[in-house]
Amino acid sequence: MSEKGRVRRFAAWNTKRLFGARIFFNAASHAATDAVDNVQNTIDELRPKGRLRARSFGDRYRDGGIERFKELSRDLEATEIEAALAAWDRDSSIYMIAGCAALGAIPALYLLGHRSFYLLIGGCILAMIAFALSMKADFRAWQIRQGRVGSVRDYFNDRLPSNMQILSNDE
């Protein structure tokens, strides 16, 4: 068999393979586009209408949520409210410890020889989820302490150190 015939057969085989791959990838691309369109349509149908506005993280209630909190806690006794506060504080602490443990486990497992990119990503995702749940629980406890259904903006303004004094050592 001549070299020219071998090259011609190889080129013809690769052309057929490429043409088949192109057909497959075009079909897969169209299928993926259709799937994304279907998901987007479903999300659009399920999305609440008119709830989220530019100031949606601000106060929803004129009085800061005091009346709403009184309305929600009208049938509860003081011991039940204190138990709910203790439960939210406990949950916040547990989630915070779990998030810190997930972050601490990454270098510990790395030192033990488990060097995996998936371990790093999984540990970081687990920590982020735990920290988000901790913030949610702390937000609920903050609302009970405040005695109002306050907004997320009020929570961050109250919890974050935005009005710290900067002390300097003047000699």
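Put simply, the side chain of Phe131 does not reach to within 4.5 Å of the side chain of Leu126, judged on heavy atoms. In this structure, Ile129 and Ile125 have side chains that are in contact, with non-hydrogen atoms separated by less than 4.5 Å.
Closest of all the heavy-atom pairs between Trp142 and Gly150 is CZ3-CA, 4.0 Å. Nearest heavy-atom pair, Trp88 versus Ile144, reported as atom, atom and distance to 0.1 Å: CD1-CD1, 3.7 Å. The minimum heavy-atom distance between Gly123 and Ala102, with the atom names listed, is O-CB, 3.9 Å. Taking all atoms of both residues into account, the shortest heavy-atom contact from Ser134 to Met96 is OG-CE, 3.4 Å. Taking both residues in full, the closest heavy atoms of Ser92 and Ala137 are given as N-CB, 3.6 Å, listed atom of the first, atom of the second, then distance. Of all heavy-atom pairs spanning Ile106 and Leu119, the tightest one is CG1-O, 4.4 Å.
For residues 136-145, every residue pair satisfying the salt bridge (charged side-chain N to carboxylate O under 4.0 Å, His left out) rule, not counting sequence neighbours, is listed here: Asp89-Arg145, Asp138-Arg159. Applying the salt bridge (charged side-chain N to carboxylate O under 4.0 Å, His left out) test to every pair with at least one member in residues 72-87, sequence neighbours left out, gives no pairs at all. Residue pairs meeting the side chain to side chain donor-acceptor pair (under 3.5 Å) criterion with at least one member in residues 97-109, sequence neighbours excluded, do not occur.
Between Asp154 and Arg148 there is a salt bridge, with a side-chain nitrogen of the basic residue lying less than 4.0 Å from a carboxylate oxygen of the acidic one.
Follow the hydrophobic side-chain contacts under 4.5 Å out from Leu133 and you never reach Ile97; the two are in separate clusters.
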Evaluate Leu109 against Arg115 for side-chain contact (heavy atoms from CB on, under 4.5 Å), listing each step before the verdict. CA-CA 7 Å; Leu109 290 171; Arg115 293 171 177 87; over 6 Å; no

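In this structure, OH on Tyr155 lies 9.5 Å from CG on Asp158, to the nearest 0.5 angstrom. Remark: Met128 CE to Leu103 CG distance equals 9.5 Å, nearest 0.5 Å.
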